[in-house]
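Note that the coordinates shown come from a computational prediction; the quantities given were computed from them, not determined experimentally. What's counted below: heavy atoms across the whole structure, side chains too, no hydrogens, waters or symmetry copies.
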Amino acid sequence: MNEDKYRELGFNDFIVGHLKNYDTKHALGYRCTPPFYVESSPLAERDIFPLWECGVTVTYFNNETKKFEVCSLEDIEDVWASYSSVQGVLAHLVLDLMEDEKTDEEILRIGEAVGLKAIQALLAEANSAEDYSSWREEYPRQCS
């Protein structure tokens, strides 16, 4: 595991420690597993730095585009999300955790721990969004 690369990209000790000492029972256990399957996929042939996986979904930093991207290992040509900042990809992760039905208190604690600066705004907006699906797609792109 290249801890220095994670830190260079803007991830804090909490994320690095979680991935280094992975525990399935951790709050991030399911949504943020150390990258493993990506290493044997065609995606590994690209100029990327794999960050974490969730099942067949992989989150990585694309060194060519300088963006954080999310795709399925089953169709690596279909990039589901692309963010220009670490804050955007952290918001994406926290929103995934919200959809796992974590409480607002748990989300606040996790958001603060991973270093998401706008965790309060994310919670407020998520709980009041009229069109949650559209908001959910756009919100992480606005994070900087």
Side-chain angles (χ1 to χ4, degrees), residues 1-38 41 43-44 46-144:
M1 178 177 163
N2 187 341
E3 295 175 41
D4 291 338
K5 181 67 174 179
Y6 279 94
R7 288 188 180 91
E8 176 187 315
L9 291 170
F11 293 98
N12 67 15
D13 290 341
F14 184 83
I15 291 277
V16 172
H18 165 70
L19 292 166
K20 184 177 177 183
N21 304 303
Y22 179 69
D23 177 2
T24 59
K25 296 176 188 139
H26 190 276
L28 298 176
Y30 171 69
R31 290 290 180 176
C32 186
T33 65
F36 174 74
Y37 297 111
V38 68
S41 89
L43 189 58
R46 295 186 183 166
D47 187 14
I48 65 158
F49 178 72
L51 299 167
W52 57 78
E53 295 175 357
C54 176
V56 296
T57 301
V58 63
T59 302
Y60 58 92
F61 182 76
N62 185 327
N63 290 305
E64 289 181 19
T65 63
K66 303 295 184 216
K67 295 198 181 236
F68 297 91
E69 298 177 347
V70 181
C71 76
S72 169
L73 291 173
E74 294 174 340
D75 184 0
I76 63 172
E77 301 304 322
D78 183 16
V79 175
W80 296 342
S82 179
Y83 307 111
S84 56
S85 76
V86 70
Q87 290 296 305
V89 79
L90 290 173
H92 181 99
L93 175 61
V94 169
L95 286 166
D96 282 346
L97 292 166
M98 281 184 77
E99 292 169 4
D100 290 342
E101 299 184 15
K102 304 264 187 230
T103 66
D104 283 359
E105 292 78 23
E106 290 173 302
I107 294 300
L108 178 62
R109 191 176 69 252
I110 293 166
E112 289 172 345
V114 300
L116 180 58
K117 296 174 189 170
I119 185 59
Q120 296 280 358
L122 180 144
L123 278 169
E125 290 184 36
N127 289 327
S128 65
E130 287 184 32
D131 179 2
Y132 178 81
S133 295
S134 296
W135 175 86
R136 196 256 193 256
E137 187 175 323
E138 285 303 315
Y139 184 85
R141 291 188 181 115
Q142 300 169 15
C143 295
S144 55

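- Of all heavy-atom pairs spanning Cys71 and Leu43, the tightest one is SG-CD2, 4.0 Å.
- Arg136 is not listed as a side-chain neighbour of Met98, based on a closest heavy-atom distance of 4.5 Å or more.
- The heavy-atom pair separating Ile15 from Asn12 by the smallest distance is N-OD1, 3.2 Å.
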What donor-acceptor contacts under 3.5 angstrom involve side-chain atoms of residues 122-131, with partners at least two apart or in another chain?
from, atom 1, to, atom 2, distance (Å)
Glu125, OE1, Trp135, NE1, 2.9
Asn127, ND2, Asp104, OD2, 3.0
Asn127, ND2, Leu123, O, 3.1
Ser128, OG, Ala124, O, 3.0
Asp131, OD1, Ser134, N, 3.4
Asp131, OD2, Ser134, OG, 2.7

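- The CG atom of Asn21 sits 8.5 Å away from the CE atom of Met1 when rounded to the nearest 0.5 Å.
- Annotation: side chain of Ser82 is not in contact with side chain of Thr65 (no heavy-atom distance under 4.5 Å).
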Give the table of side-chain donor-acceptor pairs shorter than 3.5 Å for residues 46-58, with sequence neighbours excluded, one pair per line with atom names and distance.
from, atom 1, to, atom 2, distance (Å)
Arg46, NH2, Glu77, OE1, 3.4
Arg46, NH2, Glu77, OE2, 2.4
Asp47, OD1, Asn63, ND2, 3.1
Trp52, NE1, Thr59, OG1, 3.3
Glu53, OE1, Phe36, N, 3.3
Glu53, OE1, Tyr37, N, 3.2
Glu53, OE2, Phe36, N, 2.9
Glu53, OE2, Tyr37, N, 2.9
Glu53, OE2, Val38, N, 2.8

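- With His18 contributing its side chain and Cys32 its backbone, the two residues share a donor-acceptor pair below 3.5 Å.
- Distance alone, capped at 3.5 Å, places no donor-acceptor pair between the Asp13 side chain and the Val16 backbone.
- Here the side chains of Leu90 and Phe68 are not in contact, with every heavy-atom distance at 4.5 Å or above.
- Leu9 has its side chain out of reach of Val86: every pair of non-hydrogen atoms, C-beta onward, lies at least 4.5 Å apart.
- Atom NZ of Lys20 has 12 or fewer neighbouring heavy atoms from other residues, nucleotides or ligands inside a 6.0 Å radius.
- In plain terms, the two heavy atoms of Val94 and Gly111 that are nearest each other are CG2-CA, 4.1 Å.
- Side-chain atoms of Gln87 come within 3.5 Å of backbone N or O of Gly115 as a donor-acceptor pair.
- Residues Val114 and Leu28 form a side-chain contact, since some pair of their non-hydrogen atoms from C-beta on lies under 4.5 Å apart.
- Summarising the geometry of Val70 relative to Tyr60, their closest heavy-atom pair is N-CE2, 4.5 Å, with the distance given to 0.1 Å.
- Taking SG of Cys143 as the reference point, atom NZ of Lys117 lies at 10.5 Å (rounded to 0.5 Å).
- We find the NZ-OG distance between Lys66 and Ser85 to be 15.5 Å, quoted to the nearest 0.5 Å.
- Residues Tyr132 and Leu95 have side chains in contact (heavy-atom distance under 4.5 Å, counting atoms from C-beta outward).
- Counting only heavy atoms from C-beta outward, the side chains of Arg141 and Tyr83 approach each other to under 4.5 Å.
- Looking at heavy atoms from C-beta onward, Gln120 lies in side-chain contact with Leu108 at the 4.5 angstrom threshold.
- Shortest non-hydrogen contact noted between Ala113 and Phe14 is O-CB, 3.2 Å.
- The backbone N or O of Lys102 lies less than 3.5 Å from no partner atom in the side chain of Asp100, so there is not a single donor-acceptor pair.
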